[in-house]
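Note on naming: letters A, B, ... go to the chains in the order of the sequence lines (proteins, then strands), and numbering restarts at 1 for each one.
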Amino acid sequence: MIKLEDVSKIYKGEHIALRDATVEIEKGEFVFLVGSSGSGKSTFLRLLNRAEIADKGVIYVAGKDIGSLPSYRVPYLRRNIGTVFQDFKLLPNKTVYENVAFALEAIGRPKSAIREAVPQILDLVGLGRKDGSYPHELSGGEQQRVSIARAFINRPLILLADEPTGNLDPATSVGIMKLLDRINRTGTTVVMATHDRGIVDTMRRRVIELDRGRIVRDQARGVYE
Amino acid sequence: MAGSFAIRLAASTNEQKGSGPDLVAIRLDYVAKETGSNLVRNITLTLASVLTVAIALAFVGVSYLIGVGIEGSFGGLQSDVRMFVYMNPTATQDQIDSVRKALEKSPQVDSIVFLDQAETYKEFKRLFKDQPDFVESIDPKELPQSFRIKPTSTDSEVVSAVGKQFEDLPGVYRVEYASKLASDIKRSLDTLNGWITKFGLALIAVSVMLIFNTIRTAVFARRREIEVMRLVGASNWFIRLPFIVEGMVQGLIGAIVASGLTWSFDVLWKRNFVNQRGLDLLNNITWESSNLWIAVFTVLTVGAVAGAIGSGVAVGRYLRV
Ligand SMILES: Nc1ncnc2c1ncn2[C@@H]1O[C@H](COP(=O)(O)OP(=O)(O)O)[C@@H](O)[C@H]1O
Ligand SMILES: [Mg+2]
């Protein structure tokens with residue numbers, strides 16, 4: 001599903017954020033990216049949906065070399081990749097329903113399809129009754145659920161999560177991890193960057209550790225350290 | 001896409017093969033809604049650019065009409081004609097042809113225009129339109145046909161020397177010269193025309209810049225939405241189109257106001273000057289209604305294009321997709 005061959009990313013011509021990364025992630029896997037702050041986790045994820053372009057090496061997503069994708073094709077790549085962030089990136093002037101519907105409007109889905117899909121996904125993330133609330137009326141965990149609903153509503157092949165529990169307390173984080181696990185069980189490949197030792201050690205999934213841009217460990221059913 | 005209007009912006013190809021643009025369906029209601037809410041959100045900036053466009057284009061429209069009017073009232077002088085060769089009303093076609101050949105051969109002649117009886121009569125009617133009795137009394141057949149000549153030199157002595165060569169040709173009635181005053185007026189009008197054109201272009205440039213600024217502000221105000229749209233895979237044109245349309249709408253609204261102003265100018269001018277006696281200079285400056293339509297059409301086109309350019313550049317610079 002995802003394959004990196006000798007991939008390097010160098011910011012501003014000097015700062016090497018990722019060095020010669022070679023790794024393959026199969027369809028349906030759940031992978032943790034761990035490493036200290038600045039080790040290149042976000043860069044790794046940003047390369048996968050072409051928010052950044054690799055300076056060296058080749059990245060395949062679903063069999064396609066995404067580095068050679070013309071820019072007008074990039075949106076179609078992103079429709080197959082859901083993304084979740086630490087800061088949720090919800091639109092403050094839209095309700096929960098509108099925030100999720102926005103992801104479908106933006107790719108030109110008809111209203112009838114949107115009216116059907118949004119309540120379903122909100123039920124799935126456990127926010128069926130909060131559809132009229134605004135983001136500032138929700139807890140952090142609820143906001144993250146909205147952002148996951150938005151990322152997953154297109155049933156993407158891949159879900160990228162960049163420290164999704166970074167702003168949440170441990171109890172709330174457990175709920176978010178259960179949700180991501182459920183999504184993973186539908187066949188969606190999940191790649192999650194995290195600092196959270198407890199989560200990694202409990203889940204016991206594949207762990208890829210980065211250190212100053214290098215992959216220093218790749219372990220099935222791994223632990224944080 | 002049942003139930004929704006779709007514009008197919010790009011040819012549909014098989015997405016799996018990745019061999020070209022996928023069909024991009026953009027719902028018109030979406031674009032209309034986004035454009036509308038953007039226009040309202042930024043009402044002050046929008047008003048400023050619409051007003052500037054209106055003033056710039058009204059200036060363009062009105063000066064075009066006045067230009068046409070002045071050109072008409074000065075007749076042949078406008079085109080650098082400095083010499084007239086009038087033929088006898090009885091001159092034969094052979095005589096006319098040989099004068100034409102002689103003129104064409106002369107190295108001192110830059111260009112010539114021949115006015116036959118019908119055209120001469122038309123101009124005659126226009127020049128004496130406030131003396132219909134006089135016009136009635138003239139038979140078109142009695143009017144002399146003429147050549148209007150633009151000599152290569154503007155020096156009046158050289159020009160009259162050139163004219164002498166044609167005075168005695170068979171069939172020629174008389175050679176006349178544009179007066180020095182007329183050519184001076186003509187030169188001043190050309191200069192003035194140049195300045196008005198530059199000023200008009202500068203006003204249009206300012207309009208484009210204001211639209212650019214409004215759209216840049218709108219892009220900035222919506223950067224969160226744009227970020228999310230990019231994240232969920234909205235196509236580049238889906239993100240850009242509402243902003244481009246917004247710029248064009250601003251240009252067009254300004255142009256519609258400008259068209260109204262130009263039209264009112266047309267009505268007021270004709271009511272106050274053209275149909276009045278006594279104002280000899282001004283009531284000669286007039287234009288056809290077709291000129292008004294040309295002005296309105298130009299104003300609308302320039303408005304839409306200025307809006308598209310201003311917003312296009314803003315989107316290209318500030319909306320990385
Ligand atoms: N846009 C950028 N421009 C320049 N340097 C960057 C940029 N993004 C990240 N970096 C640098 O690249 C390195 C890796 O960053 P990042 O991938 O964000 O790491 P992590 O997510 O593991 O904290 C850091 O040293 C960071 O300062
Ligand atoms: Mg990071």
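Few gaps surround CD on Glu137(A); more than 12 heavy atoms of other groups in view lie less than 6.0 Å from it. The 12-atom threshold is not exceeded at NZ of Lys130(A), counting heavy atoms of other residues, nucleotides or ligands nearer than 6.0 Å. Counted within 6.0 Å of OH on Tyr11(A), heavy atoms from surrounding residues, nucleotides or ligands total more than 12; the atom is thus considered enclosed.
Atoms CZ and OG, from Arg79(A) and Ser235(B) in turn, are 6.0 Å apart once rounded to the nearest 0.5 Å. Rounding to the nearest 0.5 Å gives a distance of 4.0 Å between CE of Met229(B) and CZ of Phe102(A).
Heavy atoms only, all atoms of each residue included: Asn236(B) and Ser71(A) are closest at ND2-O, 3.7 Å. Across all their heavy atoms, Ala234(B) and Ala106(A) have their closest contact at CB-O, 3.2 Å.
Put simply, the side chain of Arg230(B) does not reach to within 4.5 Å of the side chain of Val74(A), judged on heavy atoms. Side-chain contact check for Phe85(A) versus Leu231(B): some heavy-atom pair is nearer than 4.5 Å.
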Pair up each side-chain donor or acceptor in residues 178-185 of chain A with any protein partner under 3.5 Å, not counting sequence neighbours, and list the distances.
from      : atom 1 : to        : atom 2 : distance (Å)
Asp181(A) : OD1    : Arg205(A) : NH2    : 2.5
Asp181(A) : OD2    : Arg185(A) : NE     : 3.1
Asp181(A) : OD2    : Arg185(A) : NH2    : 2.8
Asn184(A) : OD1    : Arg205(A) : NH1    : 3.2
Asn184(A) : ND2    : Gly28(A)  : O      : 3.1
Asn184(A) : ND2    : Glu29(A)  : O      : 3.2
Asn184(A) : ND2    : Thr188(A) : O      : 2.9

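Taking non-hydrogen atoms and a 4.5 Å limit, the residue list of residues 88-98 of chain A in contact with chain B, ordered by number, reads Lys89(A), Leu90(A), Leu91(A), Pro92(A), Asn93(A).
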